[in-house]
Amino acid sequence: MMNFPINQDRDYHILVVTSVAAEKDAVLRGLNASSSFDVVTSGVGSAAAAAATASALARTRYDLVVSAGIGGGFEGQAEVGSLVIANEIIAADLGAETETGFQTIEEIGMGPDRVIVDEGKIDIVKRALRSSDLVINIGPVLTLSTVTGTAQTAEKLARQVPGAAAEAMEGFGAATAAEMFGVDSMEIRAISNTVGPRDRSAWRITEALETLEAASFILSEVLIE
Ligand SMILES: O=C(O)c1cccc(C(=O)CC[C@H]2O[C@@H](n3cnc4c(=O)[nH]cnc43)[C@H](O)[C@@H]2O)c1
């Protein structure tokens, strides 16, 4: 079994941030009481995720923060039931509206619009997850304040971030808090729905939570206990 390149002197300690209790429960079922992980529920949105992450990091030393939950998959990039591992965690609606269109926070010179995930960690997780039945996609995961509800917005976001794999609402908040504490972060999203016209009845939440549980089980196995 492959392991993170960790400090062998002590346990590697990971904080998992989920938005709602059902996601936390799925992660906990998968982790099977592993002592290397703490799982918290932040509430929905980037601000809640940042606050919960910072609060946990201020109390306890962690080596890695993982924003985990269900998410929307971009058509042709991540199908319902698959798992997305973020290589970039992007604040896709943080910026300014201009006469010529949306400009990101980075484009208007107000700070970075993304957190780049360490490639080595993605590789370890990806290889571990490959031994499972899960369908894995790696790509940018967008953090939005509003769930996309039209084909037009889905297309706009796909143009704005070529290769965007998924969208959710917490990743950038958790990753920014982690960065401020000098801690690496990742984001994993189990795809419950396709990004596009709103149809909440089509969300496959049970299937996505099963994917999240299975991914969490494998994550717990790639760590040294
Ligand atoms: O109703 C339930 O049983 C239930 C169980 C687990 C999770 C939920 C949520 O509604 C989670 C909200 C959470 O999901 C993310 N999400 C999911 N799909 C999208 C999307 O298409 N666009 C943006 N975010 C999405 C998001 O991170 C929310 O915080 C309900």
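Ligands are counted one by one from 1 in listed order, and the atoms in each one are counted from 1 as well.
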Using side-chain heavy atoms (C-beta onward) and a distance below 4.5 Å, is E88 in contact with V115? no
Apply side chain to side chain contact (heavy atoms under 4.5 Å, CB included) to V117 and list each qualifying residue two or more places apart in sequence or on a separate chain. I89, I122, M186
Taking all heavy atoms of S42 and all of A48, pick out the closest pair and write down the distance. O-CB, 3.3 Å
Backbone N/O of T143 and side chain of E167: donor-acceptor pair under 3.5 Å: no
Give a yes-or-no answer on whether the side chains of T148 and R198 include a donor-acceptor pair shorter than 3.5 Å. no
For a quick check: using heavy atoms under 4.0 Å, what are the residues in contact with ligand 1, sorted by chain and number? S19, V20, A22, E23, V44, I70, G71, G72, V147, E167, A168, M169, E170, R189, S192, N193, R200, W203, I205
To the nearest 0.5 Å, how far apart are OG1 in T211 and CG in L83? 7.0 Å
